[in-house]
Amino acid sequence: MRKGSYKGGFTLIELLIVMVIIGLLASLVAPKLFSKLGSSKVKTAKAQIQMIATALDAFRLDVGRYPTTEEGLKVLWKNPGNIKNWDGPYLPKAVPNDPWGNPYIYKAPGPDGKPYELKSLGADGKPGGTGENKDISIWDTK
C-alpha cells in the first residue's frame with residue numbers, strides 16, 4: 001500500500017453489526033413506546049370529553065337546558081339563531097373527532113336519568129370493549 005492512498009470508511013461487516021445493534025435496540029424499545037401511545041389516546045379522549053362537558057354546562061347556564069340530540073354539539077360553537085339566550089360560542093372551534101378519528105357521541109337525555117350522554121367508543125369504534133376499545137363516557141371520567 002502506498003503512503004497517502006488509504007481512504008477511511010466502514011467495511012460491510014461493520015455496517016451490518018451496527019444495523020443489527022440498532023435493530024435489537026428498536027425491538028426492545030418499540031413495544032414500550034406503542035403501549036404508551038394507546039394510553040395517551042385514552043387520556044386525550046378523557047380530556048376532550050371534559051372540555052366539551054364544560055362547554056355543555058356553560059350552554060345550560062345561559063339557555064336553561066342542554067342541547068337536544070338533534071341540535072348536537074354544533075350549537076357549542078355556532079349560533080343556530082333560534083335559541084333564546086344563546087351567548088356563545090362556548091367552544092372556539094368545531095369539536096374534533098376522538099383520538100381514533102371517530103366523532104364523539106352526544107345524546108340528550110342520557111341513560112339512567114342523566115341529562116345527556118357524551119362518549120367515545122374507543123379504539124375499535126364499537127360499543128363496549130376492554131382496554132383501548134372500552135367506551136369512554138363523561139360519567140366515567142368524573
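We number each residue from 1, following the sequence as shown.
- Between D57 and Y66, the side chains place a donor N or O and an acceptor N or O closer than 3.5 Å (distance only, hydrogens not considered).
- Using a 4.5 Å heavy-atom cutoff, the side chains of R65 and E71 are in contact.
- I105 and I49 end up in different hydrophobic clusters when Ile, Leu, Val, Met, Phe, Trp and Tyr side chains are linked at under 4.5 Å.
- Side-chain N or O atoms of S120 include none that pairs as donor or acceptor with a backbone N or O of I136 at under 3.5 Å.
- Put simply, the side chain of M51 reaches to within 4.5 Å of the side chain of L91, judged on heavy atoms.
- The line from OH of Y104 to CG of L118 is 8.0 Å long, rounded to the nearest 0.5 Å.
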Derivation of the side chain to side chain contact (heavy atoms under 4.5 Å, CB included) call for Y90 and L56: CA-CA 8 Å; Y90 302 96; L56 286 167; over 6 Å; no
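- Put simply, CG on D98 and CD on Q48 are 7.5 Å apart, with the number rounded to the nearest 0.5 Å.
- Contact annotation: the side chain of N133 never approaches that of W100 to less than 4.5 Å [non-hydrogen atoms, C-beta and beyond].
- Under a 3.5 Å cut-off, the side chain of D112 and the backbone N or O of K114 do not form any donor-acceptor pair.
- The side-chain heavy atoms of T11 and L15, taken from C-beta on, include no pair separated by under 4.5 Å.
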- prompt: For Q50 and I138, what are the C-alpha separation, side-chain angles and deciding distance, and is it a side chain to side chain contact (heavy atoms under 4.5 Å, CB included)?
  reply: CA-CA 7 Å; Q50 288 290 348; I138 182 61; 4.1 Å; yes
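- Under a hydrophobic clustering in which Ile, Leu, Val, Met, Phe, Trp and Tyr are joined whenever their side-chain heavy atoms come within less than 4.5 Å, directly or via other members, V20 and L12 fall into different clusters.
- Taking 4.5 Å as the limit, every side-chain heavy atom of N102 sits out of range of all side-chain heavy atoms of N97.
- Side-chain contact between F59 and P67 is present, with at least one heavy-atom pair separated by less than 4.5 Å.
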query: Step by step, would you call Y116 with W139 a ring-ring contact (aromatic ring centres under 6.0 Å, His included)?
result: CA-CA 10 Å; Y116 64 88; W139 306 111; 5.4 Å; yes
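- Inter-residue side-chain proximity for I83 and V75 is flagged as met; some heavy-atom pair is nearer than 4.5 Å.
- The two residues K41 and P99 make their nearest non-hydrogen contact at O-CG, 3.3 Å.
- We find the CG-CG distance between D135 and L121 to be 5.0 Å, quoted to the nearest 0.5 Å.
- In this structure, I22 CD1 and I17 CD1 are separated by 12.5 Å, a value rounded to the nearest 0.5 Å.
- The side-chain heavy atoms of L73 and L76, taken from C-beta on, include a pair separated by under 4.5 Å.
- For D87 (side chain) and D62 (main-chain N/O), no donor-acceptor pair under 3.5 Å exists by modelled atom type.
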